[in-house]
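Everything numeric here is computed off the predicted structure, so don't read it as measured data. Residue numbers begin at 1 in each chain, while the letters A, B, ... track the order of the sequences.
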Amino acid sequence: MRIGKSFNQGLFFTFPSLCVSRQIKQSFFHTKVCLIEKLQKCNHLISLYLTHTNILKSGFLNDTFTANHLINCYVRLQETLKAHKVFYEMLDPNVVSYTSLMTGYINMGQPQTSLFIFKEMFGSSVLPNEFTFATVINACSMLADLKTGTKIHAQVEVFGLECNLVVCSSLVDMYGKCNDVNGAKGVFDRMSCRNIVSWTSMIVAYAQNAQGDEALRMFREFNYLLRDRPNQFMLSSVVNACASLGRLVSGKVTHGAVIRCGHDSNYVVANALVDMYAKCGCVTYSNKVFQTISHPCVIAYTSMIVGAAKYGLGRLALELFEEMIQRRLKPSDVTFVGVLHACSHSGLVDEGLGYLKSMPGKYGIMPDAKHYTCVVDMLGRTGRLDEAYQLAKYIQVDPKADALLWGTLLSASRLHGRVDIAVEASKQLIESNQQVAGAYVTLSNTYALAGEWENAHSLRSEMKRTGIHKEPGCSWVEIKNETYVFYAGDALCERGSEVVSLLRELELKMKERGYVGGNRGLVFVDVEDEAKEEIVSLHSERQALAFGLVSIPKGITIRIMKNLRMCSDCHEAFKLISDIVERDFVVRDVNRFHHFKNGSCTCGDFW
DNA sequence: AGTCGTTACA
């Protein structure tokens, strides 16, 4: 009876309310679905504000699911601060709320804030999942923060996510970006399953850490093991690996794979090809690929500008820049590095200074350390060492950029025999504990150049005494499938004599055509346009480097084999050089000096 | 139900 009554009462009272509640719930659900649909479709801020207001009015802001959608929408429209405000006012943020906001800050280029939110999350009761880890690992990659990355890797294991494909792929990428190739390989090897993304990450890790050969090996292994078609991501990475190796043949083979896989119209792949051909010494091919791009973007133009700049085709680089501006493309900070580089390598100092000046006002880009370093280089190359030195002193940069800046000034001082500035620049490098061996060697060479043999010698002795060792420089040239590496001061390579005799022929031809060498760049004086092209095709920068460039006082540069054994072969070398330069000069390599004076040669070791 | 990862230019 009591039960029945209570049952009846219950039935009587709850039935209508159930009805109402269901109706309300249905209408609530309907409203919610509508609002979320609106958020998913929303592509404009104005309509998003309207939907946000409606969500606020209907009380759905307190619903975590709806609020997450709202955060996502703001993140998608790059309004991360608004997303953060929604997040801040949430009653019950969950793992999705945190992860979405972290992604927002990463998209904004603020990985540091993303890390901060991750740390806050750890202080709350919300636990991270695989999505959170993938995101926060990406933040570490962007910051190249190995310390935090390694800590997070440990947490990944604590949370039992060491088998997650996405998390592990991002770990491989993170270790790669932090220059820890072994870390990357360790994660890659331990993965229980891998996909094309994990393979691509590993290839990129090798390519970005000067192990292009390993990258190419991985690519071959991928093709062999998985028999999967490489996608545009993998192909652009492999093209980049070829570029980093300067290996034209592999680059062409990869280009073939790109065409076969139908990715030649992908703009990233095309940009990578433009860059690769430029780095492998084929600007003509770069241009061919560039012409196939229907709407070249800033990056494609930048690659072309940089490529042209490297070949001493400064005017071409500037024409490309102007063409780009006419097409209403906004140059990036990197574009200006290319432009300034072009001016620097072609002696267009006034133009270069003009572009530097125009950057903030006309293009809205503040020049930073890398631009100023180009300008120091530009001034230094043309002998305006005092201005270059003043500029270098004026710029304040971080230690890493600092080494580049003072290193540039040091090279320029050596080129122009300015011992005073070379001493200052070396001091800066040695004090900051960067490029110490290189600084010693260059300073010693500058002394030698100025005839201060005592100083040159004592510096070398000091290096020997303190055990500072300079890795010998090397150059290489790729002929067919073989790569020939030349080390400074090394014995002649196989077929070395053939190379030397070819070089002699070239020197003679170049002399006939009125070639006057500049420092490293290809500078032409009174040469017809047609001849310029021929010379450029004969002597790409890569080839020139392989033959070795030896600078002579007052900016005259001649080419001899870097690995020519000067002491035993100095008579030969002397003949070669005296054909071109009719004056006294000094040839230096890593260990020895060769002083040619009045037709005779004195050789000596620095040691 | 919603969240995540790989690529290019100095």
Side-chain angles (χ1 to χ4, degrees), chain A residues 29 32-33 36-37 39-40 63-73 75-76 93-104 106 128-139 141 161 164-174 176-177 194-205 207-208 230-241 243-244 263 266-276 278-279 286 293 296-307 309-310 331-342 344 368-371 373-374 377 401 404:
Chain A
F29 187 70
K32 189 169 136 177
V33 167
I36 287 173
E37 274 178 0
L39 286 174
Q40 283 174 327
D63 174 58
T64 306
F65 183 72
T66 315
N68 284 347
H69 267 291
L70 185 60
I71 290 176
N72 263 322
C73 197
V75 164
R76 205 177 63 236
N94 66 5
V95 59
V96 178
S97 331
Y98 276 99
T99 308
S100 305
L101 190 62
M102 281 163 61
T103 307
I106 283 179
N129 63 11
E130 63 270 38
F131 293 96
T132 326
F133 277 114
T135 311
V136 78
I137 292 165
N138 189 21
S141 306
L161 291 169
N164 184 280
L165 186 60
V166 175
V167 172
C168 286
S169 297
S170 52
L171 278 173
V172 171
D173 176 58
M174 182 275 292
K177 296 263 159 62
R194 306 175 187 99
N195 64 4
I196 194 163
V197 177
S198 357
W199 280 83
T200 303
S201 303
M202 198 56 230
I203 288 173
V204 172
Q208 289 181 345
N231 63 12
Q232 64 274 39
F233 291 100
M234 185 173 270
L235 286 168
S236 54
S237 313
V238 175
V239 172
N240 188 30
S244 72
H263 290 300
N266 175 277
Y267 81 99
V268 178
V269 176
N271 291 345
L273 285 169
V274 168
D275 177 54
M276 182 273 293
K279 283 188 177 147
S286 286
I293 307 173
C297 69
V298 193
I299 291 170
Y301 267 104
T302 305
S303 305
M304 284 298 294
I305 290 169
V306 170
K310 274 196 180 162
S332 74
D333 55 336
V334 187
T335 315
F336 278 103
V337 174
V339 168
L340 294 170
H341 202 71
S344 162
D368 63 25
K370 53 185 184 287
H371 301 112
T373 303
C374 282
D377 186 47
L404 201 59

Send over the distance from A:Met174 CE to B:dT6 P, rounded to a whole Å. 13 Å

Would you indicate which nucleotide in B:dG2, B:dT7, B:dC4 comes nearest to any side-chain atom of A:Gln40? B:dG2

A:Tyr98 OH to B:dT3 P, straight-line distance once rounded to whole Å: 19 Å

Could you check whether A:Gln208 gets within reach of a base, just the sugar-phosphate, or nothing at all, counting any heavy atom under 4.0 Å? sugar-phosphate

Side-chain N or O of A:Asn195 versus OP1/OP2 of B:dG5: is the shortest distance under 4.0 Å? no

Side-chain H-bond candidate by donor/acceptor type, A:Ser344 with A:Asp377, under 3.5 Å: yes

Any side-chain donor-acceptor pair under 3.5 Å between A:Ser198 and A:Asn195? yes

What nucleic acid atoms does A:Thr302 come within less than 4.0 Å of, heavy atoms only: base, sugar-phosphate, or nothing? base

The side-chain contact (heavy atoms from CB on, under 4.5 Å) partners of A:Asn138 (sequence neighbours excluded) come to A:Ile106, A:Ser141, A:Met142

Partners passing side-chain contact (heavy atoms from CB on, under 4.5 Å) against A:Thr132 (at least two apart in sequence or in another chain): A:Val95, A:Thr99, A:Met102, A:Phe118, A:Met121, A:Pro128, A:Asn129

If you only use heavy atoms from C-beta on, which nucleotide in B:dG5, B:dT7, B:dA10 is closest to the side chain of A:Phe233? B:dT7

For the residue pair A:His69 / A:Asn72, report whether a side-chain donor-acceptor contact shorter than 3.5 Å exists. no

What nucleotide, of B:dT7, B:dG2, B:dC4, holds the atom closest to the side chain of A:Val96? B:dG2

A:Thr135 side chain, from C-beta outward: closest of B:dG2, B:dC9, B:dC4: B:dC4

Among B:dA8, B:dC4, B:dA10, find the nucleotide with the atom closest to the side chain of A:Val337. B:dA10

Using a cut-off of 4.0 Å on non-hydrogen atoms, how would the nucleic acid contact of A:Val172 be classed: base, sugar-phosphate, or nothing? nothing

Whole-Å distance, A:His371 NE2 to B:dC9 P, equals 16 Å

Do we see a donor-acceptor contact under 3.5 Å between the side chains of A:Ser332 and A:Thr335? yes

What's the CZ-P distance between A:Phe133 and B:dC4, to the nearest Å? 17 Å

Categorize A:Asp333 for me: base, sugar-phosphate, or nothing, with a 4.0 angstrom heavy-atom threshold over every strand shown. nothing

Within the structure shown, what part of the strands sits under 4.0 Å from A:Ser332 by heavy-atom distance: base, sugar-phosphate, or nothing? nothing

Under-4.0 Å side-chain N/O to phosphate OP1/OP2 contact, A:Lys177 with B:dT6: no

To the nearest angstrom, the NE2-P distance between A:His263 and B:dT7 comes to 16 Å

Between P on B:dA10 and CG on A:Asp368, what's the gap in Å once rounded to a whole number? 15 Å

Name the nucleic acid region contacted by A:Val334, choosing base, sugar-phosphate or nothing; use a 4.0 angstrom heavy-atom cut-off, strictly under. base

Are A:Cys374 and A:His371 close enough that some pair of their side-chain heavy atoms sits under 4.5 Å apart? no

Select base, sugar-phosphate, or nothing to describe what A:Ser237 touches, counting heavy atoms under 4.0 Å on all strands. sugar-phosphate

Which nucleotide sits closest to the side chain of A:Asn271: B:dA8, B:dG2, B:dC4? B:dA8

Could you give the CG-to-P distance, from A:Leu171 to B:dT6, as a whole number of Å? 12 Å

Which whole-number value in Å describes the distance from A:Asn94 CG to B:dC4 P? 13 Å

For the side chain of A:Ser201, starting at C-beta, report the closest nucleotide among B:dG5, B:dT6, B:dA10. B:dT6

Phosphate-side-chain proximity, A:Asn138 and B:dT6, N/O vs OP1/OP2 below 4.0 Å: yes

For the side chain of A:Ser100, starting at C-beta, report the closest nucleotide among B:dG2, B:dA8, B:dT3. B:dT3

OP1 or OP2 of B:dG2 less than 4.0 angstrom from a side-chain nitrogen or oxygen of A:Asn72, does that happen here? no

